[in-house]
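Report on the structure given below.
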Amino acid sequence: MDKTYQPSAIETNWYKTWEDNNYFAPSGEGEAYSMVIPPPNVTGSLHMGHAFQHTIMDTLIRYQRMQGKNTLWQVGTDHAGIATQMIVERKLAAETGQTRHDLGREAFTDKIWEWKEESGGNITRQMRRLGNSVDWNNERFTMDPEFQASVEEAFINLYDDGLIYRGKRLVNWDPKLHTAISDLEVESKEVKGKMWYLRYPLADGVTTDAGEDHIIVATTRPETMFGDTAIAVNAEDPRFQSIIGKFVELPLVGRKIPIIADEHADMEKGTGCVKITPAHDFNDYEVGKRRQLPMINVLTLNADIRQVGQGFNSDGSVNDEINCYIPEQFHNMERFAARRAVVAEFEALGFLVKIEENNMTIPYGDRGGVVIEPMLTDQWFANAKVLAQPTIEAVENGDIKFVPKQYENMFFSWMRDIQDWCISRQLWWGHRIPAFYDAQGKVYVANSEQAAREKYNLTADIELTRDNDVLDTWFSSGLWSFATLGWPEQTDDLETFHPTDTLVTGFDIIFFWVARMMMMSMHLCKDRAGKPQIPFKNVYITGLVRDESGEKMSKTKGNVLDPLDMIDGISLEDLLEKRTGNMMQPQMAEKIRKRTEKEYADGIPAHGTDALRFTLAALASTGRDINWDMKRLEGYRNFCNKIWNAARYVEMNTAGEDCGQNGGDITLSLADRWINSKLQHIQTQTAKYIDEYRIDLAAQTLYDFIWNEYCGWYLELSKPVLWNEEASASEKRGTRQTLVRVLEVIMRLTHPIMPFLTEEIWQSIKGQAGVSGDSIMLQSYPKANNDKLDLAAEADIEWLKGVITGVRNIRGEMAISPAKELSILINNGSDTDLQRLNDNRNFLMKLASLADITWLSAGDEAPMSATQLVGKMEVLVPMAGLIDKDAEISRLNKEIEKLDKDIGRIEGKLSNQKFVANAPEAVVAKEREKIAGFKSSQQKFVEQRAKIAAL
RNA sequence: AGGACUAUAGCUCAGUUGGUUAGAGCGCUACCUUGACAUGGUAGAGGUCCCCAGUUCGAAUCUGGGUAGUCCUACCA
């Protein structure tokens, strides 16, 4: 082994070996355990959130593989409709100045495929670098022909079951991207806006009870008034009783529109009169449907004012009778310009009553970033209510469990109130909807024109055209758990690996993806008995990885960290280029530059994959976000180095030596028995924690055991045996064997979290450890063996540690050089103490660096000494020539004071009659025992202090 | 408006069913190149467990009410 730990050298080699040998593929033996990777955008790159989730998933799958399961970790990428199309459109614009329309649909999608080929390898390269043991043989892309076929099949299935329909509905329309989007893709933002109070004159000479010849409506969207088709007031509102059923004359347009009563109108809000614009507001749309109001669309798909409105009846059919006039001065005006123009016109007419500042939340498209417009368009919808029902039951009855559990509430509240899901997108990149239309617009759903003709018995003279729209990306990723396994065919893989076991993903896509996968799977995927199949049994929801100051990582903030840079390191120049190059908002570049230069003055050094993974694992407590901490990464890099060096020590002392592989007598030292016993606890705990998804506790347990117990104590305790010329062959054999076998077990225990380092070390010690195999990843996960528990040895070592720490404490406090060998005395020891001393003299001498140890019998005179207590036994370091009188007194004072506090606290408890009466006896006894110990210790220290003071 | 989560050492975080001397890493102080490791070792300092009230013999932990922060959902004429 090299003298220094160099992660990059070992990491790339091992991954290649594993992959070349097909170790990631299902073994075909044992109980099945499967997971799907949340498919990342094919053209994207992995960020810290991916690295976090992938670490958890890889830890789980490696653990399960080592448990002997038949594991499948399904890998693949998503075509990510809008996101990818946008990237390529932007690229096209930058390079040639063309839009997608200049190229046309086919040529443009070819461009996207080109881009996918060019950049698509990036993300899979990164996965390999992270060590993900995914089954590459089974890699899928959502636009693969087989997957496309599954998507079409799913659509047709749902359509034939009456769960997909097409209709003219009000949907969220992105006027920049020119597509409908789902409710979930809309982000609300708080903005300061205005509310305008507009006067609408009453028609036919009608007046209100108050004698007014007009009413006043309040609106935040005056430009939609061309589409007003009613005014609503509350039926209970005393102010407007007499005008219900009468009309107003819509200013600027002249259309007479009715005043209706509807519960939507709130007497408390605004003026009590609401203008109803069914084609441009979701609430008004509902009112319109309820009251059979016509709808007038006044906006183009760009959200500009039309030249003439489009009239529809409330059922969506065309209404060519209604007056859809829009004054010429507003034609083709952009919506916000039109807003100002309409207000100006009202003002000119004297119809503008007042303007108020108004805080409101406005919907923005999460991709395009512009204000979303409710738009009346023909779209495809999935009946989400029906699809949701079984999934709610599956979570209620525990078939699907969320970790942490509180996400179930979030899931329920959304699912129980779910709205129909708009699944069509007016994009070019995606799964084209398998629907055909004849000249009359009648719909035929089938996966090809040929199939449509057969299915619907259409004669050849009927011309069919295919729907131009594509499906929402989440429609296809909703099929991910089973379409990747060959659905709709009933394949063996589907039989074996579905439902999958655990889904690991972020809370931000519970609705987008997790819920959709559940709906799709439970409707489409049935087991042999016809029972709906859940897609997964457990959903492990991870938090977000944030930056050091708790901010979300984002390109615009310039605080994004690339996991690969943590692994391989990056120079400041490259990091700056990465963060400020190719920015959407170049004005931020300077700020980002400064911040980056300050935080990473020397760039980022390489830490290796294992260190990154261990850090993420250690931070993975459930139900909480992670604030990334570079220091923590450094600490775990040091941990890797620690393991490396410990392994070097083991190798030096065992390679080519007799470790008992070939038989021979074995004598285990106390330390050997102790570390073996401790190891059993660790094995139990680690497995338990991983089973409970507490990877952080598993990591913490391993860290503590390896560093503090194995390296800190055991390796030191092995030296007095291995370097002792008087030790017997069987004693040395026993210690060598323990040294290397414990390390071998530690490597297997740690392998799921840190695959590379553990493989490298395992390979170089497996011979001495007496094990064989091609790779640690195919070895079994260690299991505790209770026969190896040795509580007596554990107690003995605790005693030993107490004595050694006691001496070291005196050394430290008294500033005695570690090089100075001390002669100590033991006073007031019991028979057990004497036994332990005699058994472990060698260990004590070496670890506390002593010259000799003198056992004082009763009546022996002790010299003036600094004292430490191990139970009742006194460890004495003679002061003569070493220790200053005042220093020892002040050290004793400190001890006495500390004990004072403890004694006071416990005395308080014990003098409380209620405590003594009510607390369990064991608890009371424990307190009594404690206080007795404290008191006797304190007594000793006080006596000692008096003696020293008397000098 | 409704809901969820979070608040523990200077920083980042653990703390399982109420009983611990409240822990870890980093940082800090002092000392130490001892034959695995200075990416190290030894010893040490550092806490009003956000606040108030309650339940209890006993609360970081349970209940109620605040405060601060994060997030989700809905609405806003």
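The model shown is predicted, which means the values in this text are computed figures rather than measured ones. Letters A, B, ... are given to chains in the order of the sequence lines, protein chains preceding strands, and every chain is numbered from 1.
Separating the C1' atom of B:rA45 from that of B:rC28 is a span of 8 Å, rounded to the nearest Å. Distance noted for atom P between B:rA1 and B:rU63: 24 Å (whole Å). Taking atom C1' in both B:rU16 and B:rA74, one finds a spacing of 36 Å when rounded to whole Å. Atom name C1', nucleotides B:rA24 and B:rU67: the rounded distance is 29 Å, in whole Å. B:rG2 and B:rC26 have their C1' atoms separated by 40 Å, given to the nearest Å. B:rC50 sits 11 Å from B:rG69 when the C1' atoms are compared, rounded to a whole Å. Spacing of P atoms, B:rC5 relative to B:rC57, comes out at 29 Å, to the nearest Å. Going from the C1' atom of B:rU6 to that of B:rA43 covers 36 Å, rounded to whole Å.
Evaluation of the ring pair (Phe, Tyr, Trp, His ring centres under 6.0 Å) test over residues 263-282 of chain A, restricted to residues two or more places apart or in two chains, returns none. Among residue pairs with one or both ends in residues 605-626 of chain A, those qualifying as salt bridge (Lys or Arg N to Asp or Glu O under 4.0 Å) are A:Asp58-A:Arg613, A:Arg546-A:Asp625; sequence neighbours excluded. Each ring pair (Phe, Tyr, Trp, His ring centres under 6.0 Å) pair with one or both residues in residues 214-236 of chain A, not counting sequence neighbours, appears once here: A:Phe226-A:Phe330.
At a threshold of 4.0 Å, the pair A:Asp262-A:Arg290 counts as salt-bridged, since one of the basic side-chain nitrogens sits closer than that to a carboxylate oxygen. A salt bridge links A:Glu907 and A:Lys935; the closest N-O separation between the charged side-chain nitrogens and carboxylate oxygens is under 4.0 Å.
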Protein-nucleotides 15-19 of chain B N/O pairs under 3.5 Å:
{"unit_1": "B:rG15", "atom_1": "OP1", "unit_2": "A:Arg694", "atom_2": "NH1", "d": "3.0"}
{"unit_1": "B:rG15", "atom_1": "OP1", "unit_2": "A:Arg694", "atom_2": "NH2", "d": "3.2"}

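Judged purely by distance below 3.5 Å, without hydrogens or angles, the side chains of A:Asn234 and A:Glu263 never pair a donor atom with an acceptor atom.
Side chain of A:Asn283, nearest nucleotide from B:rC75, B:rA7, B:rG44: B:rC75.
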**Q.** Under 4.0 Å protein heavy-atom contacts per nucleotide of nucleotides 31-40 of chain B, with B for base, S for backbone only and - for none
**A.** ----BBB-BS
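Contact check, A:Asn409 against B:rG3: no side-chain N or O comes under 4.0 Å of OP1 or OP2. Close to B:rA14, at under 4.0 Å from its OP1 or OP2, lies a side-chain N or O of A:Arg624.
If you check every strand for non-hydrogen atoms under 4.0 Å, A:Arg811 touches nothing. In this structure, A:Arg546 reaches the sugar-phosphate backbone alone: every heavy-atom distance under 4.0 Å involves primed, P, OP1 or OP2 atoms, never a base. Using a 4.0 Å heavy-atom cutoff across all strands shown, A:Thr805 reaches sugar-phosphate atoms only and no base atom. Among the atoms of the strands shown, none is found under 4.0 Å from any heavy atom of A:Tyr197. Residue A:Asp266 is in base contact, counting any heavy-atom pair closer than 4.0 Å across all strands shown.
Sequence order on RNA chain B of the closest nucleotides to A:Lys631 and A:Arg221 puts A:Lys631 first from the 5' end. Both A:Gly812 and A:Trp628 lie near RNA chain B, and the one whose nearest nucleotide falls closer to the 5' end is A:Trp628.
If you measure from atom CD of A:Glu813 to atom C1' of B:rU29, you get 12 Å, rounded to the nearest angstrom. Here the C1' atom of nucleotide B:rG25 and the CD atom of A:Gln700 are 8 Å apart, to the nearest Å. The nearest whole Å value for the distance from the CE atom in A:Met630 to the C1' atom in B:rG25 is 16 Å. Atoms NZ (A:Lys914) and C1' (B:rU56) sit 10 Å apart, rounded to a whole Å. Residue A:Leu619 contributes atom CG, which lies 16 Å from atom C1' of B:rU6 at whole-angstrom precision. When the P atom of B:rU73 is taken as reference, atom CG of A:Asp366 falls 11 Å away, rounded to whole Å. Remark: P of B:rC5 and CG of A:Leu544 are 18 Å apart, rounded to the nearest angstrom. When the C1' atom of B:rA24 is taken as reference, atom CZ of A:Phe705 falls 17 Å away, rounded to whole Å.
In RNA chain B, consecutive stretches of 3 or more Watson-Crick or G-U wobble pairs with both distances under 3.5 Å are given as paired ranges: B:1-7 with B:67-73, B:10-13 with B:23-26, B:28-32 with B:40-44, B:50-54 with B:62-66.
A:Trp713 is linked by a ring-ring contact (aromatic ring centres under 6.0 Å, His included) to nothing, counting only residues two or more places apart in sequence or in another chain. Partners of A:Tyr649 under the ring-ring contact (aromatic ring centres under 6.0 Å, His included) rule, at least two apart in sequence or in another chain, do not exist in this structure. For A:Lys898, the salt bridge (charged side-chain N to carboxylate O under 4.0 Å, His left out) test picks out no residue, with sequence neighbours left out. A search for ring-ring contact (aromatic ring centres under 6.0 Å, His included) contacts involving A:Phe941 returns nothing, not counting sequence neighbours. Considering only residues two or more places apart in sequence or on other chains, A:Trp707 meets the ring-ring contact (aromatic ring centres under 6.0 Å, His included) condition with A:Tyr703.
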Would you list the atom pairs, donor with acceptor, under 3.5 Å between side chains in residues 268-275 of chain A and any protein atom, with sequence neighbours excluded?
{"unit_1": "A:Thr271", "atom_1": "OG1", "unit_2": "A:Ile216", "atom_2": "O", "d": "2.4"}
{"unit_1": "A:Thr271", "atom_1": "OG1", "unit_2": "A:Cys273", "atom_2": "N", "d": "3.3"}
{"unit_1": "A:Thr271", "atom_1": "OG1", "unit_2": "A:Cys273", "atom_2": "O", "d": "3.4"}
{"unit_1": "A:Lys275", "atom_1": "NZ", "unit_2": "A:Thr224", "atom_2": "OG1", "d": "2.9"}
{"unit_1": "A:Lys275", "atom_1": "NZ", "unit_2": "A:Asp228", "atom_2": "OD1", "d": "2.8"}
{"unit_1": "A:Lys275", "atom_1": "NZ", "unit_2": "A:Thr277", "atom_2": "OG1", "d": "3.0"}

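Distance alone, capped at 3.5 Å, is enough to place a donor-acceptor pair between the A:Arg239 side chain and the A:Met267 backbone.
Rounding to the nearest 0.5 Å places CD1 of A:Ile567 at 11.5 Å from CD1 of A:Ile604.
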